[in-house]
Protein chains: 2
Amino acid sequence: MNSEFTIAVHSLVLLAYRPDHMATSDMIAHNVDTHPARVRKVMGCLRKQGYVTTKEGSGGGFALNCRPDEVTLAEIYRATSFGSIKPSWCSGNLEEDCLVACNMTEVMDHIFTEAEEQMLMYLQRLTIQDVLERVLAKQQRES
Amino acid sequence: MNSEFTIAVHSLVLLAYRPDHMATSDMIAHNVDTHPARVRKVMGCLRKQGYVTTKEGSGGGFALNCRPDEVTLAEIYRATSFGSIKPSWCSGNLEEDCLVACNMTEVMDHIFTEAEEQMLMYLQRLTIQDVLERVLAKQQRES
DNA sequence: TCAACTGTTATTATTATAATTACAGTAAGC
DNA sequence: GCTTACTGTAATTATAATAATAACAGTTGA
């Protein structure tokens, strides 16, 4: 699976956690441990879907624009990584005179699509708030 | 996701389809459209789990050693690609003095594990026989 | 003893992914 | 208006994951 989903979820959880619900790409990038340009790319995607707003120029950055307890990981997955369950390589050989060789590509493709839908049913039940709470709960157990 | 799962399923479906339930790595490789050595590697894994038997030497090859209607894709996934849902890259920064940065890695890891379990519940409902039937059904619709 | 196989490892090629650089555009504050 | 601190985006480079290939020892049947 594509790691832009991870970056998107991490960024939203971070924004939800911060008292002012704001951060710059530099701050997020340090927190996530990646490059600011990559964060901006992923956040651009979240902005288009309305999950965050951005403010350009000095003093700018990203701000949460949704309720963390209403946004599910399924939405974020669809927005960032839809279809990434399926491996890019696929089997099958149309040259062969064999039903299996000719049709397996499409049949497996269909299976991966259904498997992804099933996974989305799980992600549907998890919100950004839930993830934040898991983070906080984990800390409490350890302290 | 790892494509060895695809190769394993394709190979088992092919064996189930063939009247003698046998094939060499060359034959499977042509059908799947990959290299025979790769097929042998995947089949080695299936042999260890008892899904196929192999016969070395001249006239040898692979033979199905299970009932196609009893083997589920979940088993094959576990045998070949367990854990491959999770991206190798992960977010988080232990250097940061922030709960989110420090704990997100583990929390996301847990989420990917659960998502994979959910996907496995779907693969549990599909057998090699079901896949073969989808292949055959597809052909009938098109002819 | 030859030919046709598997088993396995090592090497190379290819592709996917992530990091980095670069720079135009925007807004705030002096 | 100028400087500074940001975003947006594209192009390039680096790295890692994946697949293909080659090579060869071991096995078996004819």
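Just so we're on the same page: letters track the sequence lines, and every chain starts at 1. Just the heavy atoms: all of them, side chains too, but no hydrogens, waters or symmetry mates, feed the values below.
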Please determine if a side-chain N or O atom of B:Thr34 lies less than 4.0 Å away from the OP1 or OP2 oxygen of D:dA19. no

Let's see if you can work this out: which of D:dG26, D:dG8, C:dA3 has an atom nearest to the side-chain heavy atoms of B:Glu56? D:dG26

Protein-nucleotide distance (A:Lys55, atom NZ; D:dG8, atom P), rounded to Å: 13 Å

Looking for any heavy atom pair under 4.0 Å, which part of the strands does B:Gly61 touch: base, sugar-phosphate only, or nothing? sugar-phosphate

C:dT6 P sits how many Å from B:Asp26 CG, rounded? 7 Å

Take B:Thr24 and B:Arg40, measure what side-chain hydrogen bond (donor to acceptor under 3.5 Å, both in side chains) needs, and give me the verdict at the end. CA-CA 9 Å; B:Thr24 66; B:Arg40 290 201 290 273; over 6 Å; no

What is the distance, rounded to the nearest whole Å, between atom CD of B:Glu4 and atom P of D:dA20? 11 Å

Working to the nearest 0.5 Å, report the span between CZ of B:Arg78 and CG of B:Leu123. 9.5 Å

Is the phosphate of D:dC6 approached by A:Ser25 (side-chain N or O, under 4.0 Å from OP1 or OP2)? no

Mind calculating the distance between NE2 (A:His35) and C1' (D:dT7) to the nearest angstrom? 14 Å

Proximity to the side chain of A:Trp89 - top-ranked nucleotide from C:dT8, D:dA19, D:dA22: D:dA19

Whole-Å gap separating C1' (C:dA27) and CE (A:Met22): 13 Å

Scan side-chain atoms only and decide if B:Glu117 and A:Tyr122 contain a donor-acceptor pair under the 3.5 Å cut-off. no

Could you state the CZ-P distance from B:Arg38 to C:dA13, rounded to the nearest angstrom? 18 Å

So, B:Glu133 and B:Gln129: side-chain donor and acceptor under 3.5 Å apart, yes or no? yes

Would you say C:dA18 has OP1 or OP2 under 4.0 Å from some side-chain N or O of A:Ser3? yes

A:Asp33 vs B:Ala23, nearer the 5' end of DNA chain C by closest nucleotide: B:Ala23

If you compare every side-chain N and O of B:Ser88 against the phosphate oxygens of D:dA16 (OP1, OP2), does one of them come in below 4.0 Å? no

Rounding to 0.5 Å, atoms SG (B:Cys45) and CZ (B:Phe5) come to a distance of 12.0 Å

Would you say A:Arg47 reaches D:dG8's phosphate, i.e. side-chain N/O to OP1/OP2 under 4.0 Å? yes

B:Arg40 side chain: which of C:dT6, D:dC6, D:dT28 is closest? C:dT6

Length of the NE2-P vector between B:His10 and D:dA19, whole Å: 15 Å

What is the distance, to the nearest angstrom, from the CZ atom on A:Phe62 to the P atom on D:dT7? 5 Å

